[in-house]
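Worksheet for the structure shown next.
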Amino acid sequence: MQVNNRDTSTLPIQGPSQSARQPHASFVSPAQMAMFARVVSYPPLGQITCLQPAQALRSEEDALRFTVTIESSSSFPAQSWEAQIWHNITSPEWGSLPLKRYNTDHAALLTGNDSDYHHHRYVFSEEISLPAAGGHAQFTVRFRTGPDTEWQWANQRHPVSDGEIVYSARHSDLDKAVSTDFAAPAPKERLAKYIDNLHDDLQIESRLSEAPGSVLWALLSDMDAAQNGSSSIKRLALGTPSSVVRYFSLVRVSSPWLGPRHGKENFRLTEDAILCSFLRDDGVNLVLLAVSGVNDVLTVFQSGENGEVVISAKSDDSEASKFHVLISAAENFEVAMSAVVYEARKVVRPFADAAHLDLEDSIPLSPLGDDMVLVEKDPSAQWLSEWFDGLTYCTWNGLGQDLSEEKILHALDSLGANGINIVNLIIDDGWQTNDNEGESQFKQGWKQFEAHSKGFPKGLKHTVEGIRQAHPNIEHVAVWHALLGYWGGISPDGDLAQRFKTKQVKIKDPSANGPMAENLPDRTILAIDPDDIKRFYDEFYSYLTAVGIDSVKTDAQSFLDLLEDTTDRRRFMTSYQDAWSIASLQHFSTRSISCGSMTPQIIFHSQMPTNKPTLPLRNSDDFFPDVVASHPWHVFCNAHNALFTRYLNILPDWDMFQTSHAYASFHAAARCISGGPIYITDEPGKHDLTLIDQMTAPTVKGITVILRPSVIGRTIDIYHDYNEGHVLRVGSYTGWAKTGSGILGLFNIRSAEASSIVSLMDFPGIHDDSEGQYIVRAHSSGKISHRMRPTGDSLVSLVLEPKGWEILTAYPTRSFKLTGSHSNNASPTHVAVLGLLGKMTGAAAVVSSDISVVENGRLRVDISLKALGTLGIYFSDLQDRSIARNFMVMILGQPIPQNTVWKQGGENANVLAIDVLAAWKSMKLDSGWSNEAFVQVFVG
C-alpha cells in the first residue's frame, strides 16, 4: 500500500466508522503533505490477506504482526514519527495498537540506488493476538510526525482502502470434517454448511480427497439426450455460497481464452466460468470446478440474481448422460485446488484412455523424462533439456502476416548481426497458400500443403534449407496453422479439397464471447471430415517433416466449440483432438504448441489427462504491442490463469513479446518467472541486447537457453482484484525441496508509483516448519537482505515505478565453523549459492550444489551449472577474506585466471563473483560428453 500525494489513482476510500475516527481526524496543508511521502504496511492496506494456520501471518502464538514503514522526504528534517494500527480484530469496536520503533534493517529496502533515494525511513512493528475463532476484520494506519502534532489517517486523503484480514479458527469445523469418515454425515448436510439452499435435483456424493486437509464432493445430475440436431440444455441453481468475503473465478473471456474475474460478497458473473473459488469469513476456501468433455457434455458456472451459483450444462450426447461438478473446501487455496483437480483426473480418465490413441509408433526418442532412461540401438547426442528451453523467435508481431522467405531471412540476419543466437524459429501465420487473397483472414480457405508462391517462389523446403544453412544455431523450425487448416477452413477449389473427404460446417457467431465476434460472423466453411482427419494430419505432417519442419504451433482449436450443429460438434470434437495429438507425437515428438485451445472440452479431454507427454499451451490471449492498457493485464491474466493451468499436463506459455517495447522488461520478467518458454517477436534491428542477456545464457555447447524455474509461476494473491491496483506478486521455485530457492516477481500494474513489504514466508517453498536462515536478493539492484529466519516478521521492502517490476529470490544459507586464522569463538561462516548474477532467474542455472568442510578444514563448494555466466556465492564474512590468499576456484578441475574472480560491490561486499563464461573462453575448455560446467571453490 502506498500513500503518496503524487498518486492519481481512484481506489475507493474506506475506513472505520466516523464515530471511531472523527475525534482524531485532521487535515494537513499542501506544504505538510510533502513530508508524508509514503506509508506502507504489512499486511498491506487496500488488500485482502488470507491468514491460515500454515501461513506466515499467524505465528505459533496465534498472533499477527503488523509492520509499517514511513518514508519522508529528506528535504525536511528527521522527525520523531509515531504510528498506530486501528482495527476491529479483537472487538467490534475499533481500537488502537501502538507500534514500536525498529531499526531500518527490519523490512530493509531492496530496490533503488541508496545514493539516489532521498527519503528518511522509519520502521514500526507490533503483534496482536488473534481470537481463537476464525474471523474477518479490517484495519488502517494512523501516524504523526511527533507527540505534539495531530494524527493523520492513512486513508483519509489518499486513494487506499482499509486492509482486510481473514483468519481461520484454531480448531475449525473443517478440521473435524477432515478427520472424520468422509462418508458421514450425509454429503448434502456437510455441503450445506458452505452452500445455502442446495438444489434438490442434485446427486451429491462425498469423495475421499487426495489432498490432505480438504473435504471433497462430486455433484451430478441427469442430462437428456440431444435430439433432432439440438443439444440438451440444463440450468439449475446450485445454491448460494455462505459467509463469502471475496471470490475469484476463471471465466471464458472468449471462445479460445480464459481470464480472471474477482468480486466481493455477492457473487456475480457476466461470462461463463469453469472455476470459482470463494473465500469465507472463517478462512475456508470453497473451490468449484465444472468438468466438461465427458460424454460430450459442456458444463459451466453462471450467477443468479441473488448471488446463487448456477450450473449450466449442454449435452451433445445422443444418449442420456450426466454433468459433473466437483467442490472442495480447505483452509488453503492450493489444497482445495489440488483436491478438485486430482478428482477431475479420475473423472476424465475413462474417456481419455491412451489405448484408443494408437501411440505405438509415436514414442519420442529419449530422454522421456527425468525418471526414465531409454537405451537406443543407435544413440545420438541430445541436450537433456526440452526443446523449448532454447530462446525462440516468432515472426507474428515482428514481421506480420505478409510473410516471405526474404523477410524471414532478413529478420534472422538482423538477430545474428546483433549476437542474438536463437534456437527455435516459429514461422507464424502468413506462409500458407489460401484462396480469396486480400480479404479478411476469416474468409480465406487453405488450398495446399506447399507455401504460397508469392513469398516462397522456390517452395518451403528451399526456405528451410536456406535458414539452416545461413543460421546453423537454429535447431528447430516450426510453422503455424489452424486446427481446421486456416481461419476460413479448407478452400473448396484447392488441392486439399480434392484429396480428402470434406464437410460443410456452420460456425456460430461468438458475439457473446469477446474480440473475435467482429471478425467471425455466422458463416459456413469447408472442413476435413472427421472420417479422414487422421489421414489428413498424417500426410500434412509427413510433408512438413520432408521439407525440414520439425515442430508446429496449432492455433484456433476453439473452432471445434463454435460448430453450430450438435452432430458436427459430437463428431469433430474428440476426433480432431486425438488426430492432432497422434500426428504431432508421431512426427514431432513433443515439439508442438497448443494455441487458442482454452476451451473446456479441450482442457478436460486433451490437457487434463497425464497419458501423454507435456506440451506448451498458450496460457492467455495475445500480446498486443500497440494496446497500452493490455500489458499489465496480460501479465495479471496469465498469473491467475496459471492457478489452474499449472495442474494440467501442459507447460503454460505466456506468449511472445518485443524486447524494444515500452513494457519490454515488464514482459521479460514475467516470462522468466512463469516457468514456461520465452519467445521474442522483435522487428528487424529493434532489439534490447541487455534485456535479452538478462533472460538467457549460453551453454557449454554454445546454445542460448532460458533459465526456467522448476515450478510454474502463478499469483500468490488469489483474491486481489485487478481494478484495485495492488502490486501483482507471482511466485515460483527452483531446485530441490528445502535446498532450492523461492522466487517472487513483483509487478506494478498501476500508472503510479507503488510500494510493497514482502514477508520471507510469502516465498514459495518456505513454510512454518522451514528451518535455518535465508537471504533475499533483488535482481535489479543486486541488494541482499540480512539473514532472516522463516518467521512472519522477516520482511523486505520495495518501491516500484510505473511499469516497474522486481524479482526477489530467497536463498537458504548453510553455516560452517572453519579452522585456520579464525579463533574457536569466531562466528560461523554462512554460505549460499546464488546462481548466475545478472540473470532474472539466475538461481535456475544451478543444476546441483554441495557445500562441505573437507578434512584439512577448508570449505569446499561444488556447483554444476547448466549455462555459463557470472556465478555468485554469498559468504557472510567475505569482507574478512582475501581472494588471493583464501580462495581457489577451479572449473573442470583446472584453476581459473585470478582476474575472473572478484568481490561484487567492493571490499565490504559479501558476494564472490566468478566469471565462468570468461574463464571458460580464455581457458578454451571442452566439456566433452557433458552439457554442464562443474565449478569448485575452496575456501581456506
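The analysis underlying the following values was restricted to heavy atoms, covering all of them including side chains, and did not include hydrogens, waters or symmetry mates.
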For the pair Asn638 and Ser620, evaluate side-chain hydrogen bond (donor to acceptor under 3.5 Å, both in side chains) and give the outcome as yes or no after the intermediate values. CA-CA 6 Å; Asn638 272 287; Ser620 78; 2.8 Å; yes

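- Remark: Phe301 pairs with no residue by the ring pair (Phe, Tyr, Trp, His ring centres under 6.0 Å) rule, at least two apart or across chains.
- Between the side chain of Thr566 and the main chain of Gly229, a donor-acceptor pair closer than 3.5 Å is present.
- Across every non-hydrogen atom of Leu563 and Arg569, the tightest pair is O-NH1, 2.8 Å.
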Is there a salt bridge (charged side-chain N to carboxylate O under 4.0 Å, His left out) between Arg571 and Asp529? Walk through the geometry before answering. CA-CA 9 Å; Arg571 292 186 64 231; Asp529 190 280; 2.8 Å; yes

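- Considering all non-hydrogen atoms of both residues, Leu286 and Ile195 come closest at CD2-CG1, 3.8 Å.
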Lys738 and Asp769: salt bridge (charged side-chain N to carboxylate O under 4.0 Å, His left out), yes or no, with the steps? CA-CA 10 Å; Lys738 297 184 179 180; Asp769 58 353; over 6 Å; no

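- Residue Glu210 holds its CD atom at 9.5 Å from CG of Leu216, rounded to the nearest 0.5 Å.
- Annotation: side chain of Asp621 is not in contact with side chain of Val253 (no heavy-atom distance under 4.5 Å).
- Looking at Ser328 and Ser214, their side chains never bring a donor and an acceptor atom within 3.5 Å of each other.
- Residues Leu275 and Leu643 fail the side-chain proximity criterion, which asks for heavy atoms closer than 4.5 Å.
- Leu279 CG to Ser243 OG: the interatomic distance, rounded to the nearest 0.5 Å, is 11.0 Å.
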Leu238/Leu288 under side-chain contact (heavy atoms from CB on, under 4.5 Å): CA gap, chis, key distance, verdict: CA-CA 11 Å; Leu238 163 64; Leu288 286 65; 3.6 Å; yes

Give the intermediate values and the outcome of side-chain contact (heavy atoms from CB on, under 4.5 Å) for residues Thr645 and Met598. CA-CA 9 Å; Thr645 57; Met598 301 185 83; 3.8 Å; yes

Quick one: do Gln557 and Thr599 satisfy side-chain hydrogen bond (donor to acceptor under 3.5 Å, both in side chains)? Show the steps, please. CA-CA 8 Å; Gln557 299 193 30; Thr599 299; over 6 Å; no

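- Partners of Tyr576 by ring pair (Phe, Tyr, Trp, His ring centres under 6.0 Å), not counting sequence neighbours, listed by chain and number: Phe572.
- Neither side chain, Ser597 nor Arg618, offers a donor N or O lying under 3.5 Å from an acceptor on the other.
- For the pair Arg570 and Asp316, the salt-bridge criterion is not met [side-chain N within less than 4.0 Å of a carboxylate O].
- Salt bridge status for Glu164 with Arg246: present, with a side-chain N to carboxylate O gap under 4.0 Å.
- No more than 12 heavy-atom neighbours from other residues, nucleotides or ligands sit within 6.0 angstrom of CD on Glu319.
- Phe267 and Phe278 have perpendicular rings, their planes meeting at more than 60° on a 0 to 90° scale where under 30° would count as parallel.
- Listed by chain and number, the residues in a side chain to side chain contact (heavy atoms under 4.5 Å, CB included) with Asp555 are Trp480, Trp487, Cys595 (sequence neighbours excluded).
- Side chains of Asn197 and Thr240: no donor on one and acceptor on the other come within 3.5 Å.
- Judged by distance alone, the side chains of Asn285 and Tyr719 do bring a donor and an acceptor atom under 3.5 Å apart.
- With contacts defined as side-chain heavy-atom distances shorter than 4.5 Å, the pair Ile233/Lys314 qualifies.
- Remark: Ala639 engages Trp654, Thr715, Leu728, Val730 in a side chain to side chain contact (heavy atoms under 4.5 Å, CB included) (not counting sequence neighbours).
- The shortest heavy-atom contact between His640 and Pro260 is CB-CB, 3.6 Å.
- When every heavy atom of Ala336 is checked against every heavy atom of Ala329, the shortest pair comes out as CB-C, 4.5 Å.
- Between atom CG of residue Leu289 and atom CE of residue Met608 there is a gap of 6.0 Å, rounded to the nearest 0.5 Å.
- By the 4.5 Å heavy-atom criterion applied to side chains, Glu334 and Arg646 are counted as neighbours.
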Please evaluate residues Tyr722 and Cys637 with respect to the criterion side-chain contact (heavy atoms from CB on, under 4.5 Å), reporting the C-alpha separation (whole Å), side-chain torsions for both, the decisive distance (0.1 Å), and the verdict. CA-CA 9 Å; Tyr722 180 80; Cys637 182; over 6 Å; no

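- Looking only at side-chain heavy atoms (C-beta outward), Arg349 and Pro609 stay at 4.5 Å or farther from each other.
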Asn641 and Asn619: side-chain hydrogen bond (donor to acceptor under 3.5 Å, both in side chains), yes or no, with the steps? CA-CA 7 Å; Asn641 285 351; Asn619 195 58; 5.1 Å; no

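- Considering every non-hydrogen atom in both Ser732 and Ile712, the closest pair reads OG-C, 4.4 Å.
- Using a distance-only test at 3.5 Å, with no hydrogens or angles considered, a donor-acceptor pair links the side chain of His262 to the main chain of His720.
- At least one donor-acceptor pair closer than 3.5 Å links the side chain of Ser315 to the backbone N or O of Asp317.
- Under the 4.5 Å side-chain criterion, counting only non-hydrogen atoms from C-beta, Glu205 is not in contact with Pro187.
- The closest donor-acceptor contact from the side chain of Ser232 to the backbone of Asp224 lies under 3.5 Å.
- Listed for the Asp282 side chain is a donor-acceptor partner under 3.5 Å among the backbone atoms of Val284.
- Here the CG-CZ distance, from Asp717 to Phe333, works out to 12.0 Å after rounding to the nearest 0.5 Å.
- No donor-acceptor pair under 3.5 Å is formed between the side chain of Ser303 and the backbone N or O of Val309.
- Looking at heavy atoms from C-beta onward, Leu560 lies in side-chain contact with Gln577 at the 4.5 angstrom threshold.
- Atom CD in Glu308 sits 8.5 Å away from atom CG in Asn266 (nearest 0.5 Å).
- Under the 3.5 Å distance criterion, the side-chain polar atoms of Arg729 are left unmatched by any main-chain donor or acceptor of Leu744.
- Side-chain contact between Thr590 and Thr614: absent, with no pair of heavy atoms (C-beta onward) separated by less than 4.5 Å.
- None of Lys234, His324, Lys322 except one satisfies the side chain to side chain donor-acceptor pair (under 3.5 Å) rule with Ser221; the exception is Lys234.
- Rounded to the nearest 0.5 Å, atoms NZ (Lys612) and OG (Ser606) are 4.5 Å apart.
- Among residues two or more places apart in sequence or in another chain, the side chain to side chain contact (heavy atoms under 4.5 Å, CB included) test is passed with Ser312 by Arg235, Val300, Gln302.
- Considering every non-hydrogen atom in both Lys264 and Tyr247, the closest pair reads N-CE2, 3.8 Å.
- In this structure, Arg252 pairs ionically with Asp561, as a charged nitrogen and a carboxylate oxygen lie closer than 4.0 Å.
- Sorted pairs that involve residues 289-299 and meet salt bridge (Lys or Arg N to Asp or Glu O under 4.0 Å), not counting sequence neighbours, are lacking altogether.
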